[in-house]
Structure formats: C-alpha cells, structure tokens
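All of these numbers come straight from a predicted model, not from anything done at the bench. Whatever order the structure lists them in is the order used to number ligands and atoms, beginning at 1.
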Amino acid sequence: MNVIIFGPPGAGKGTQANNIVNKFNLYQVSTGDLLRNEIKNQTDIGKDIENTISKGGFATDEIVNKLIKNLIYDPDKKNKLIFDGYPRSLTQAKNLEFLLNCTNQKIDFVFFLNVDKETIIKRIEKRKILEKRSDDNLNTILKRYDTYMETTRPVLDFYSKNPNFYEIDGGDQIHEISSKIEQKLSV
Ligand code: AMP
C-alpha cells in the first residue's frame, strides 16, 4: 500500500510516518529530509534552496518532483511508499498521480493530522531545542504555517473527496494518533 500523511509543520507527520514504516514495512519518503540532505551535501540543488528553506519558503515543484521520481520508480519500494511532506501543492499532487500511474501504483490511504496553530508553535519550539533545526525559529514557524495554509490546503481539498481520506486530531497524544492510523491500515 501507498500512504500520504498530511498536516501543517509540527503536526507530527514525521513521527507518525516513522511508526508506520516500522510496523508495516514501508519506505518513508520525506521531501523535507531529501531537501535537507541536498543542503548538507552542498549539491547544486542544495545551494539553490538553502536560503529559501531557511526563511520558511518552499522549494520549487520542479526540484521536489525530480527528487521523488527515482524513489517512485524503484521496484524495491513499489507499493511500499509513505509520503511525508509531499505533495504540498496541486502541481505536486498531479505529478504524484502521474508518476504512480506510470508505475501502476495508486494512493491507498490519505491521513490528515489536523492541529491548531498554538499546539504547533509549542511543539516546534520544543523540537528546536531538541534537534537544533536551523529553520525552526518562531518567525519561520509562522511563515511555514501560513505557506502551508495557502499552498497545501487546496491539496487537502483535492484529496478529501477520496474515500480513503481520514482526518485525525493531531492534538492527541502520539500513541493515540498512532493507534488510530494503525487501525485504519490494518483493515
Ligand atoms: P518538513 O521537514 O516537511 O517540515 O519540510 C521542511 C521544509 O522543506 C519546508 O518548510 C519546505 O521549505 C521544504 N519542503 C519540504 N517538502 C516540500 C515540498 N513537497 N515542496 C516544497 N518544499 C518542501
């Protein structure tokens, strides 16, 4: 099965994706991690996006689409993909459909972790201390939240018509969210 986890920054997408990966033997596709990796390795893409990402902006659809293409075409990962942080725009959502179609795959579950702005701010502040992520200062958090609302919300509307779309309260405890997701995936 292939799964998408949605939610504003700080909603716990990464944590939940990680849990599902371990329990259901899936492969996590985190575009945030892929992009941070490019920056760390100072590749051409990395140099190009470093500034934008540190200010809370998005990488271009072209760059992100390029980074995920190989993963979708990888036969070892076929029907074992969990997307965390992708797609974040309608263009990306359409590109994902296209790439999945080309490889005879589809999305089986879409989870939306819904969480209010106050909770997100508290969580990201905590993560900032624990993980020392450079993009995690308060202004960037707010910018990332606003960018999410503007750009990703239409993607949600796009997927919410899907019968496999589930909205989950991202303000719950981590283990409660995990068990709700696992329940759906186990049916
Ligand atoms: P994340 O780890 O998912 O919170 O992503 C961290 C940052 O990477 C985001 O704030 C964006 O700047 C960038 N990013 C991650 N995924 C995408 C994407 N699908 N499209 C564009 N930018 C992205």
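The shortest N or O to N or O distance between Gly57 and ligand 1 is under 3.5 Å. Below 3.5 Å of separation, one finds no N or O of Phe58 facing any N or O of ligand 1. Polar contact with ligand 1: present for Arg36 (N/O pair, distance under 3.5 Å).
Side-chain rings of Phe83 and Phe6 stay apart, their centers remaining 6.0 Å or farther from each other.
Checked for salt-bridge contact, Asp172 and Lys180 meet the test: a charged N lies under 4.0 Å from a carboxylate O. Between Lys184 and Asp108 there is no salt bridge, since no side-chain nitrogen of the basic residue lies less than 4.0 Å from a carboxylate oxygen of the acidic one.
Contact detail for Phe58 and Thr52: the closest heavy-atom pair is O-CG2, 3.4 Å.
In the candidate list Arg88, Gln92, Arg144, Arg88 is nearest to atom 17 (C) of ligand 1, counting heavy atoms.
Atoms of ligand 1 found under 4.0 Å from any heavy atom of Gly85 (numbered from 1 in listed order, with element): 16 (N), 17 (C), 18 (C), 19 (N). Every atom of ligand 1 is numbered from 1 in the order shown, and the set under 4.0 Å from a heavy atom of Tyr86 is 19 (N).
Cluster membership for Val110 and Val3, using ILVMFWY side-chain heavy atoms within less than 4.5 angstrom, is not shared.
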